[in-house]
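Every number for a ligand or one of its atoms is a count from 1 in the order of the listing. What you see is a predicted model; the values in this text were computed from it and never measured.
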Amino acid sequence: MANRQCLSHDQDMSTPAETAPVKILGRSATPLGYLIRDFLQRSDVPFDWIELANDDQARAEAGVSGLHDNRLPVCIFPDGSRLECPNIRQITEKLGWFHDPCRSEYDLAIYGGGPAGLSAAVYGASEGLSTVLIERSAIGGQAGSTSKIENYLGFPNGISGAHLAENAREQALRFGAEILIGREGVRGEFLPGKGVGHLKDGTKIVARSTICATGVRYRRLDLPNEDRLLGAGLYYGAGASEAALCNGDEEIFVVGGGNSAGQAVMHFSRVAKSVVMAVRGACLRETLSQYLVDRIKASPKVKVLHNSEVVALEGDETLQSIKIKNLQTGAIQTYAASRLFVCIGGEPQTGWAQEVGIVRDSEGYLVTGPDLLQGGQLPNGWPLDRNPYYLETNMPGVFAAGDVRHGSVKRCASAVGEGAMAVAMVHRYLAGA
Ligand SMILES: Cc1cc2nc3c(=O)[nH]c(=O)nc-3n(C[C@H](O)[C@H](O)[C@H](O)COP(=O)(O)OP(=O)(O)OC[C@H]3O[C@@H](n4cnc5c(N)ncnc54)[C@H](O)[C@@H]3O)c2cc1C
């Protein structure tokens, strides 16, 4: 049975997937299948997921020996070419998105392609800076993982995160920014007037200024079986790519009490039989925007378990059940569950910054601007006569924008605003002011 999953896409998109969807054949409850669906969904590339039900279908439609053939999933592209069991890099290459840096040196290197990084790329490139953006995964960051952002200015009916990100990518490219997808910054060296970013694949990016917009990574449950069941019933984030695979008689579980969890709950409530939201707190109002509280309360399909924590994940090949503990009574109950979405916030990945002496707070967020001044004193080793600019770290010419920054607001609009503002500070820095 074909499980057709076409995502909205703009006719102006300049990707090879413009004409027809990518066809993916496989079994949905496999980590690689999920990784591919998630990547394509975030990248706003339309695709058809074809769920293989038996060996005969696998032979006839996917051209493999059976359901357990390790060449699955198979991706068939609009030009008829196919990739068997592909990794994300191969898909990126196939879409024509993978390329090497064009310049030996840039005015501005941006790490992270979420709202903050994309905004910095649009403003940097449009204001004449030679600009490169490095993104380890899909464009859009956390925002790209949500089915609908409803509080972003100018979109009264909401906009899908993937669509917003794709528009921003196109806008940045039109202004001449270079975007390197599927590349991860792992280390930096910062000398006066020059930064060298080392990417995981050995590429070096040299730039006169740097903006770190690497956001946060989903926090994990830290439970046994978590790695094994990841992508096979257990997912991090709002699961925008997964709703179309739900059949109407499933009960979906979402962990977390913040807006991202609330959005996931409402998204799944449209397609699932019911949705269970497990939250640690006693009251949704403390952690959730009022519009989501109202919708959750009004939905007959949603059940909220307060004072609750997931304490076990069970299943062999795929998730079969979970255990939830009531934090008030200590009682533990087992629930049959085939899909669990974990939306419990994130943590910054800034180990590289610590290595080069960039000041972080106790949770790893990068400290910038006035927050660097302790009792009016400049940070140790600060080499200039002026104070650090707003959004500048204690390393002159290295800026931080968006969720990775200490004290940031953790919203799309503020990340976009900080990306733009960081570029204004980059101009000042480059002008030597
Ligand atoms: C499910 C969900 C729903 C949300 N809904 C809303 C909403 O409705 N309204 C709202 O205002 N906010 C919402 N938010 C919050 C909002 O999405 C974030 O505040 C925003 O995305 C932060 O943007 P950012 O660019 O700072 O970081 P991120 O979005 O986290 O992007 C960081 C990017 O950096 C990349 N990266 C990380 N490390 C590296 C590296 N070493 N090298 C290269 N790339 C790297 C990551 O892959 C990622 O793409 C939501 C968040 C989630 C998770």
Side-chain angles (χ1 to χ4, degrees), residues 38-39 41-43 88 109-121 132-153 155 158-162 164-165 168-169 179-188 197-201 203 205 210-219 235-241 254 256 258-268 288-289 291-292 341-353 364-366 391 399-405 408-420 422:
D38 184 56
F39 177 79
Q41 195 280 333
R42 283 163 178 260
S43 304
I88 296 303
I110 301 158
Y111 292 84
L118 285 166
S119 157
V132 63
L133 182 150
I134 297 105
E135 167 55 52
R136 70 173 170 206
S137 168
I139 282 297
Q142 298 166 72
S145 72
T146 180
S147 55
K148 208 172 200 186
I149 299 172
E150 297 198 56
N151 55 4
Y152 191 70
L153 190 73
F155 296 93
I159 180 166
S160 94
L164 186 68
R169 184 184 78 95
I179 297 186
L180 307 181
I181 294 178
R183 313 261 196 166
E184 181 173 0
V186 287
R187 199 162 61 79
H198 295 265
L199 310 190
K200 201 174 182 177
D201 62 7
T203 310
I205 303 287
T210 301
I211 296 177
C212 176
T214 52
V216 296
R217 180 130 84 184
Y218 296 123
R219 198 167 280 139
Y235 308 93
Y236 299 113
S241 65
V254 176
N259 280 352
S260 58
Q263 285 174 4
V265 164
M266 290 318 299
H267 185 51
F268 284 113
L288 205 59
S289 291
Y291 80 98
L292 284 167
F341 294 86
V342 180
C343 303
I344 52 173
E347 40 206 6
Q349 307 283 304
T350 53
W352 64 270
Y365 292 94
L366 304 184
L391 305 184
F399 297 80
D403 281 16
V404 73
R405 195 178 67 78
S408 63
V409 178
K410 314 282 184 290
R411 286 275 187 278
C412 272
S414 51
V416 167
E418 289 194 10

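Judged purely by distance below 3.5 Å, without hydrogens or angles, the side chains of Tyr218 and Ser145 pair a donor atom with an acceptor atom. Donor-acceptor pairing under 3.5 Å is lacking for the side chains of Thr146 and Lys148.
Among Gln263, Glu418, Arg217, the residue whose heavy atom lies closest to atom 4 (C) of ligand 1 is Gln263.
Atoms of ligand 1 lying under 4.0 Å from at least one heavy atom of Lys410, given by number and element, are 19 (O). Close approach to Ile134 involves these atoms of ligand 1, each under 4.0 Å from a residue heavy atom: 43 (C), 44 (N). The Gly112 neighbourhood of ligand 1 comprises atoms 33 (C), 34 (O), 35 (C), 44 (N), with distances under 4.0 Å to a heavy atom of that residue. Each of the atoms 32 (C), 33 (C), 34 (O) of ligand 1 lies under 4.0 Å from some heavy atom of Ala213. Close approach to Arg183 involves these atoms of ligand 1, each under 4.0 Å from a residue heavy atom: 43 (C). Residue Val216 has at least one heavy-atom neighbour below 4.0 Å for each of these atoms of ligand 1: 30 (O).
Residue-level proximity to ligand 1 for Ser414 is absent, since no heavy atom of it falls below 4.0 angstrom. Proximity of Pro115 to ligand 1, defined as any heavy-atom pair under 4.0 Å, is shared by backbone and side chain alike.
Between the Glu135 side chain and the Gly113 main chain, a donor and an acceptor come within less than 3.5 Å of each other.
The shortest side-chain heavy-atom distance between Phe341 and Tyr236 does not fall under the 4.5 Å cut-off.
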